[in-house]
Each structure stands twice: as C-alpha cells, then as structure tokens.
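Below: the structure, in structure tokens.
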Amino acid sequence: MASAKEGNGAPTKKTLLHDLYELQGLSPWYDNLCRPVTDLLPLIASGVRGVTSNPTIFQKAISSSSAYDDQFKQLISAGKDAESAYWELVIKDIQDACKLFEPIYNETDGADGYVSVEVSPRLANDTQGTVEAAKWLHKVVNRPNVYIKIPATAECVPSIREVISNGISVNVTLIFSIARYEAVIDAYLDGLEASGLSDLSRVTSVASFFVSRVDTLIDKMLEKIGTPEALALRGKAAVAQAKLANQLYQKKFSGPRWEALAKKGAKKQRLLWASTGVKNPAYPDTLYVDSLIGPDTVNTMPDQALHAFIDHGTVSRTVDANVSEAEGVYSALEKLGIDWDEVGKQLELEGVDSFKKSFDSLLVSLQEKGNSLKTASV
C-alpha cells in the first residue's frame, strides 16, 4: 500500500476507499455522526469523503452518550424547549463535521466533502413546511458544504424543486423506485432552470437511492411465492433496480437540456447508494458496495459495511456491468406479480415512519431529561 498524505502532513496508509475514489470515481461516505466529531478524523484519513446523518442516527448518538449533556444543560437553563435544544445539538455536530470536510470540499471545487442534515421527519407530507425548514436549516448551519436532506415523498418532490431554485444544495433521501427517482431528477433540473442563476456550479445535489431494504422486502415476497424460480431471485432485486437507476441517470444527464445547464456550470445530481449495510447474513457483507461501483457515484456506508469493505472489498467497475441481466431480474420479478411501484410506496412509508419514531422518541427522552434537570436545580 502506498502512503497518502493527511491534512496535517502525516503519512497515512492508503486503503481500498482511496482506490474506490482514485480508480473508479466513487466517493465513499460514512453514514453516521456522533460526538466527539473528531472521531471522523481517522476515517477521513482512511478515505471517507463525506458524511450522512438522519433522525435515527441522532437518536442513537444523543440518547446513548453523555457527550451532549453539558450543551443540553446550558440550553435547558437558557429556557429552550426539547425540540429547539435538539436542533441546537444537531446543528453544532453538523457545523463541526462540515469544518472537518471543508478541505475536501475546497480541493474538489465543491464536488465532494459534504455533510448531510435532514429536515424534521414530521414534515414528510408537508410541501411548504419542508421548503421553510430547508431554508432555515441552510441559513443556521451556514456552511458551504452542507446538504439539506429532503425525503422523496410525493409531497416533497415540489419542495426539492423550490429549494434547489433558491440555490440550496440538497440530498434527496428515501428513494425506493425508478419512477420516483425520475421525478427527483426532474425536480433538480427544473429547480436549476428556475433559479435564474448565471453560475450554477455551487448548487449541487445527490439522489439517495436505497438498496438493502429493497431486498429485505422483496425476499420476503419471494419466499411467500415459494417456487424454485422465485427463490432463485432472492438477493438480486436491489442491485438490479439500482443498476437500472444508473442507466436512467446516464440518460437524463445527457442531451440538449442537460448540456444547456452544464454550460452554466451545473453539476450532475450524483446517485448516492444508501442503506448499503447487508441485513441478511447469508449475503456477502460487501454486497451493496462491491456491486455498485462506478464514476460519479457516492456510497454512504454504515460502520460495518465501511470496515468490511476496507478489509476485503473489491475495487472494480460494476455499476454498468451485466445491465441486461439486471433488466432480466427486474422483469422476472414483475412476471411473478411483484409491483415495483407498490414496493417503493411501502418502503417509503416504512422509512418515513421509522424516522418519525426515532425523532419523536428522542424528543420524549430529551423532554424527560430536561424536566429532571429543572427539578434538580429547583
């Protein structure tokens, strides 16, 4: 392994994450954030180029650590309610992480080095509420390399267009179907066109296409069908659909409409593979990284997937290999009666619901913590 230089000039071992980026143009990101944020430094040294967070990640971070207690006490004694305190805790983590990734953002001229923070999951069906929340978060975080995360629900697709048209960079999350992914690309393109900006180079976006959850749900459906043909398709649905999403990406980000935007400096909305931790122990633990490697993509990996890939991943361009096989899997599943749009709807509902539950349960525990601090200080 050659050695790469860290920001402070100390040599650091090159890992497979560096190879992913340097040889294949895929940006490895880390799907986790907690205090101390400096824990990210060794990961950055090992090749991580961005961070994603969500309400479930913050719920785990804040409820399982005492690292937030001092700031929380100050906020409560200053009269903040639980939800306002939550946002202050989150914003501090996001700002601190943005600072760590700023060198990457600067080196790549704004192509990489982003930290994502999600609007309240309670707004998943509120178009205008999402727009206002995204503008507010963007303003208070006040860092060039922050991505405001907006879910790809039917109600929030118009929010994405409006937020992009306001010059705010967006990570679109919870994409589970090709039809919804196409609506997300259109919202990005419409937003860029509506922005009126002559230089579009600072407005960027990623589209977070979820992977492992698709297999989890479709595998259950295949087991229920139970025929040898159905059982042979287990573990193949998610990667097949993701490869077809990449085909759509290639198509939509070429041709006259895209070229006109590119002339103004617009950057492609990169595909980001999310939910890439393997949930079925029967599958290889690097399945959702190894199978979707290619240029202009991002893979945000939870802890286990990240370390598994560093240890024994395979760096090879796979995202556009065997596309006809992916098409075959996709249509074979349809023939078995699996409706891709229905799968997407169900997974979206589950995803939104799970983030709401995490958010609500964290607010309840913060409320209780706040009450006990107030009682103790009386």
Side-chain angles (χ1 to χ4, degrees), residues 1-7 11-33 39-53 97 100-116 145 147 171 204-212 238-239 241-243 245-247 249-250 253 267-278 283-323 326:
M1 295 264 178
S3 73
K5 285 280 191 239
E6 227 181 306
T12 166
K13 274 262 171 72
K14 238 184 151 180
T15 75
L16 290 180
L17 299 182
H18 292 109
D19 291 344
L20 267 183
Y21 179 71
E22 289 161 19
L23 305 176
Q24 297 297 340
L26 179 144
S27 294
W29 289 7
Y30 182 50
D31 192 28
N32 197 14
L33 184 56
D39 282 356
L40 292 168
L41 287 169
L43 291 170
I44 294 172
S46 74
V48 166
R49 305 180 61 79
V51 156
T52 47
S53 67
L100 297 182
F101 282 95
E102 210 173 312
I104 294 173
Y105 176 82
N106 292 335
E107 278 158 27
T108 57
D109 195 27
D112 226 337
Y114 288 90
V115 178
S116 297
N145 56 328
Y147 265 143
N171 174 344
T204 73
S205 181
V206 289
S208 293
F209 202 95
F210 279 57
V211 192
S212 68
V239 168
Q241 182 178 235
K243 286 187 172 193
N246 183 64
Q247 293 297 107
Y249 164 85
Q250 301 298 342
F253 288 99
K267 293 189 170 106
K268 293 173 181 176
Q269 180 188 50
R270 287 187 297 171
L271 255 173
L272 179 153
W273 309 119
S275 173
T276 55
V278 172
Y283 300 156
D285 57 2
T286 56
L287 175 67
Y288 301 119
V289 186
D290 286 349
S291 310
L292 297 168
I293 297 172
D296 295 333
T297 53
V298 180
N299 193 314
T300 189
M301 305 174 217
D303 229 30
Q304 224 177 337
L306 185 86
H307 292 293
F309 189 82
I310 291 173
D311 183 62
H312 52 266
T314 306
V315 179
S316 159
R317 180 162 170 166
T318 48
V319 75
D320 46 10
N322 307 326
V323 172

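Please read these numbers as outputs of a predicted model, since none were measured by experiment.
Remark: side-chain polar atoms of Ser212 are paired, donor with acceptor, to backbone N or O of Ser275 under 3.5 angstrom. A donor-acceptor contact shorter than 3.5 Å links the side chain of His18 to the backbone of Ala45. In this structure a side-chain-to-backbone donor-acceptor pair under 3.5 Å is present from Asn299 to Tyr288. Between the Lys14 side chain and the Asp19 main chain, no donor and acceptor come within less than 3.5 Å of each other. Distance alone, capped at 3.5 Å, is enough to place a donor-acceptor pair between the Thr276 side chain and the Thr300 backbone.
Looking at Thr204, Val206, Thr52, Asn171 one by one, the single match for side-chain contact (heavy atoms from CB on, under 4.5 Å) with Tyr114 turns out to be Thr204.
Minimum heavy-atom separation, Pro28 to Gly47: CG-O, 3.6 Å. The shortest non-hydrogen separation linking Ser53 to Ser116 is OG-O, 2.6 Å. Listed here is the closest heavy atom pair of Gly294 and Arg317: CA-CG, 4.5 Å. Nearest approach of Ile310 to Ser46, heavy atoms of both residues: CD1-OG, 4.1 Å. Nearest heavy-atom pair, Ile104 versus Arg49, reported as atom, atom and distance to 0.1 Å: CG2-NH2, 3.6 Å.
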_Residues Met301, Tyr30; criterion side chain to side chain contact (heavy atoms under 4.5 Å, CB included); working and verdict_ = CA-CA 5 Å; Met301 305 174 217; Tyr30 182 50; 5.8 Å; no
*Passes side chain to side chain contact (heavy atoms under 4.5 Å, CB included), Leu43 versus His307? Steps please.*
CA-CA 10 Å; Leu43 291 170; His307 292 293; 4.2 Å; yes
*Does the pair Leu306 and Leu17 meet the rule for a side chain to side chain contact (heavy atoms under 4.5 Å, CB included), with working shown?*
CA-CA 9 Å; Leu306 185 86; Leu17 299 182; 3.9 Å; yes
*Kindly indicate, with the supporting measurements, whether the criterion side chain to side chain contact (heavy atoms under 4.5 Å, CB included) is fulfilled by Val51 and Leu100.*
CA-CA 10 Å; Val51 156; Leu100 297 182; over 6 Å; no
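In summary, the side chains of Asp290 and Thr318 do not present any donor paired with an acceptor at a separation below 3.5 Å, with no hydrogens or angles considered. One side chain, Ser27 or Arg270, offers a donor N or O that lies under 3.5 Å from an acceptor on the other.
Ring geometry for Tyr147 versus Trp29: interplanar angle of 30 to 60°, hence tilted.
Residues Asn246 and Leu271 have side chains in contact (heavy-atom distance under 4.5 Å, counting atoms from C-beta outward). Looking at heavy atoms from C-beta onward, Leu292 lies out of side-chain contact with Thr297 at the 4.5 angstrom threshold. Using a 4.5 Å heavy-atom cutoff, the side chains of Val315 and Gln24 are in contact. Side chains of Asp285 and Phe309 form no contact here, defined as non-hydrogen atoms less than 4.5 Å apart. Between Val211 and Gln241 there is no side-chain heavy-atom pair separated by less than 4.5 Å. Between Leu40 and Leu33, some side-chain heavy-atom pair lies under the 4.5 Å cut-off. Residues Asp112 and Phe101 form no side-chain contact, since every pair of their non-hydrogen atoms from C-beta on lies 4.5 Å or further apart. At least one side-chain heavy atom of Tyr21 sits under 4.5 Å from a side-chain heavy atom of Thr108.
The CG atom of Leu26 sits 6.5 Å away from the CD1 atom of Ile293 when rounded to the nearest 0.5 Å. How far OG1 of Thr15 is from CG of Leu20: 8.0 Å, rounded to the nearest 0.5 Å.
Within 6.0 Å of atom CD in Gln250, more than 12 heavy atoms from other residues, nucleotides or ligands are found, so the atom counts as buried in its surroundings.
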